Amino acid sequence: MTPKPMPPLRLILAAALVLAPLLPALWGLWRQGTIGPLVAVLGGLAGIGGVALMIQLYVRDLRTVAAHAAQLAAGPTEAVPSLPVTASRPVRAAAAAAVRLHRVMNARTELALAQLEANESIIEALHDPLVLVGAERQVARANQAARALFGDRILDRDLAASLRNPAVLEAVDAVLKGGASRILEFSLPVPVERMFEVRVKPFQRRVPRPAPGEDGGTAGTVPGRMVILTLHDITALRRSEQMRADFIANASHELRTPLSSLLGFIETLRGPAREDLEAHERFLSIMQDQASRMARLVNDLLSLSRIELDEHMPPAGTVDVLDRLDGVMAALELKAASRRIRLTLEAPDGLPPVVGDEDQLTQVFQNLVSNAIKYTRENTDVTVAVSLADGVAVGVSGPAGRGGRGMQMVAVAVRDQGEGIARTHLPRLTERFYRVDAARSRAMGGTGLGLAIVKHIVNRHRGRLTIESAVGVGSTFTVYLPAASEELGEGRAVEPARRQA
């Protein structure tokens with residue numbers, strides 16, 4: 001790009017200003033008669049012309065360098081704009097220096113961008129949620145873990161819109177006003193209660209000042225006070241502590257009776273019944289039943305504790321519900337046959353798999369079917385009906401499906417024809433050790449933990465358990481589990497197919 005020449009009038013005025021000391025001298029020499037008027041005029045014009053030419057050359061060089069620097073700033077980093085052929089040696093030297101400076105600045109910029117990108121990747125990859133809160137409690141940044149916990153809408157909004165814990169909000173406000181760092185605990189109740197330790201720490205960020213002439217500021221940076229929230233999930237820790245306390249309390253309560261029985265029988269066998277073989281046989285049989293009951297109780301307590309420990313972590317696998325039900329019903333076939341009970345499975349074609357843990361769902365189905373076999377009347381049916389349901393309709397929140405429907409759910413309903421359960425007992429059936437008929441439950445080998453285990457497994461799977469019962473008619477226990485896929489296939493039959501075990 002060829003630089004534009006300086007306008008002639010401005011050039012002449014500039015030259016005249018430069019020669020301002022010389023012109024009075026020529027005037028004085030002419031008045032003294034040292035030089036003639038023509039020589040004085042020609043000398044003045046020659047001086048102005050020479051100075052104007054020099055100014056024009058310097059201005060051209062300056063504009064050439066400026067235009068070259070502007071092209072460097074606007075163009076790509078690899079391409080170097082060419083100079084005019086008429087460019088002087090000083091111009092080429094200045095242009096070469098500008099190119100070197102441009103390349104150095106580009107290299108530093110690329111290094112800074114690479115470091116910034118690496119820092120961004122590290123922050124995004126952090127397992128713990130991290131939230132940066134600015135003035136007016138506005139959320140400026142949130143890493144991937146924080147967005148997964150609170151949702152993408154947490155950004156650029158008041159922290160209170162996503163985290164409604166008064167103690168945490170009070171700590172954030174205090175630190176924003178200049179207070180010291182704080183550490184506190186809080187819980188998020190949905191979808192499954194989780195405990196967090198949150199660290200609220202001040203963070204000083206350098207904010208650019210307005211440039212000169214912008215709002216009367218001066219160039220530079222000023223500190224901007226912000227707050228960093230780091231959340232650490234301590235659910236497993238707290239549940240482990242609670243698990244130990246509950247295990248000790250439950251075990252001491254439920255094991256007291258069978259242990260007392262065992263100690264009494266042992267004392268009898270070692271004392272009055274030492275030589276009574278008939279009493280030996282009868283007592284040893286009772287002692288075996290009590291010991292078996294304690295073993296089942298300890299196993300169920302350990303199983304429940306493990307399930308509660310992982311309840312806040314949803315499973316990631318997929319499970320074929322019909323395959324698991326077939327296995328469970330085959331395993332319980334002899335138990336059902338001993339009471340002349342028929343097991344029937346009803347399921348539609350094209351049933352999608354569910355998101356879940358195979359072992360835990362097998363335990364759920366086994367507990368429900370086994371309970372139905374225990375409490376139904378002899379020579380009746382226990383029916384396991386599998387169907388599809390809409391998540392919104394059954395009260396399970398989730399992402400909307402096609403056509404505005406809720407999340408697709410697979411429902412597994414276990415129906416018996418027993419004595420039924422009074423409505424007053426239904427809300428408490430999933431409590432630990434709650435029994436409608438304690439004597440009958442113990443006689444059948446129940447521990448009072450089966451439905452509690454079912455409830456916690458269903459909670460971990462983000463599903464729902466419902467119980468319906470009518471006295472004298474029977475009970476229905478239904479488990480709703482999120483489907484792994486909503487693609488059911490067009491035109492597939494969904495009429496129930498009955499299978500008997």
Side-chain angles (χ1 to χ4, degrees), residues 314-333 336 341-373 376 380-418 451 454-455 457-470 473-501:
T318 58
V319 179
D320 186 335
V321 171
L322 295 182
D323 180 65
R324 292 295 88 204
L325 286 171
D326 283 336
V328 167
M329 296 176 75
L332 295 173
E333 183 178 359
I341 294 170
R342 295 172 295 276
L343 299 180
T344 304
L345 176 61
E346 300 177 356
D349 295 329
L351 193 73
V354 300
V355 179
D357 181 284
E358 187 172 286
D359 292 337
Q360 289 189 348
L361 290 184
T362 300
Q363 189 174 8
V364 167
F365 302 147
Q366 185 165 353
N367 284 358
L368 293 179
V369 177
S370 179
N371 281 351
I373 294 172
T376 193
T380 58
D381 292 340
V382 169
T383 304
V384 180
V386 186
S387 60
L388 294 173
D390 185 84
V392 174
V394 298
V396 179
S397 60
R402 294 175 300 175
R405 298 174 301 169
M407 179 171 55
Q408 194 74 36
M409 309 292 289
V410 174
V412 179
V414 180
R415 295 194 295 267
D416 65 49
Q417 298 178 31
L451 289 179
V454 169
K455 181 190 72 172
I457 291 177
V458 172
N459 285 347
R460 186 196 174 206
H461 285 69
R462 306 302 187 256
R464 189 183 178 202
L465 170 67
T466 63
I467 304 173
E468 299 174 357
S469 186
V473 178
S475 305
T476 301
F477 294 78
T478 306
V479 171
Y480 297 93
L481 300 167
S485 171
E486 294 187 3
E487 298 302 320
L488 305 178
E490 298 296 335
R492 293 188 181 180
V494 292
E495 291 299 323
R498 297 179 65 87
R499 287 186 272 182
Q500 286 191 348

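It should be emphasised that the depicted structure is a prediction, and the values quoted were computed from it without experimental measurement.
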Residue among Leu332, Val382, Val414 satisfying side-chain contact (heavy atoms from CB on, under 4.5 Å) with Ser370: Leu332
Quick one: do Tyr480 and Val458 satisfy side-chain contact (heavy atoms from CB on, under 4.5 Å)? Show the steps, please. CA-CA 8 Å; Tyr480 297 93; Val458 172; over 6 Å; no
Take Leu481 and Leu361 through the test side-chain contact (heavy atoms from CB on, under 4.5 Å) and record every step on the way to the result. CA-CA 10 Å; Leu481 300 167; Leu361 290 184; 3.8 Å; yes
Between atom CG of Asn371 and atom CD of Gln366, what is the distance when rounded to the nearest 0.5 Å? 10.5 Å
Euclidean distance, Met409 CE relative to Leu388 CG, rounded to 0.5 Å: 11.0 Å
For Val355 and Pro315, the nearest pair of non-hydrogen atoms, with its separation, is CG1-O, 3.6 Å
Any donor-acceptor pair under 3.5 Å from Thr383 side chain to Arg415 backbone: no
Whether Asp416 side chain and Gly474 backbone form a donor-acceptor pair below 3.5 Å: no
To the nearest 0.5 Å, tell me how far Leu465 CG sits from Leu451 CG. 7.0 Å
So how far is it from Thr466 OG1 to Phe477 CZ, rounded to the nearest 0.5 Å? 9.5 Å
side-chain contact (heavy atoms from CB on, under 4.5 Å) evaluation trace for Leu343 with Val384: CA-CA 8 Å; Leu343 299 180; Val384 180; over 6 Å; no
Determine whether Val328 and Thr362 satisfy the following criterion, side-chain contact (heavy atoms from CB on, under 4.5 Å), listing intermediate values before the conclusion. CA-CA 7 Å; Val328 167; Thr362 300; 3.9 Å; yes
When rounded to the nearest 0.5 angstrom, what distance separates NZ in Lys455 from CG in Asn367? 14.0 Å
Between the CG atom in Leu325 and the CG atom in Leu345, the distance rounded to the nearest 0.5 Å is 6.0 Å
Under 3.5 Å, side chain of His461 to main-chain N/O of Asp357, donor-acceptor pair present? yes
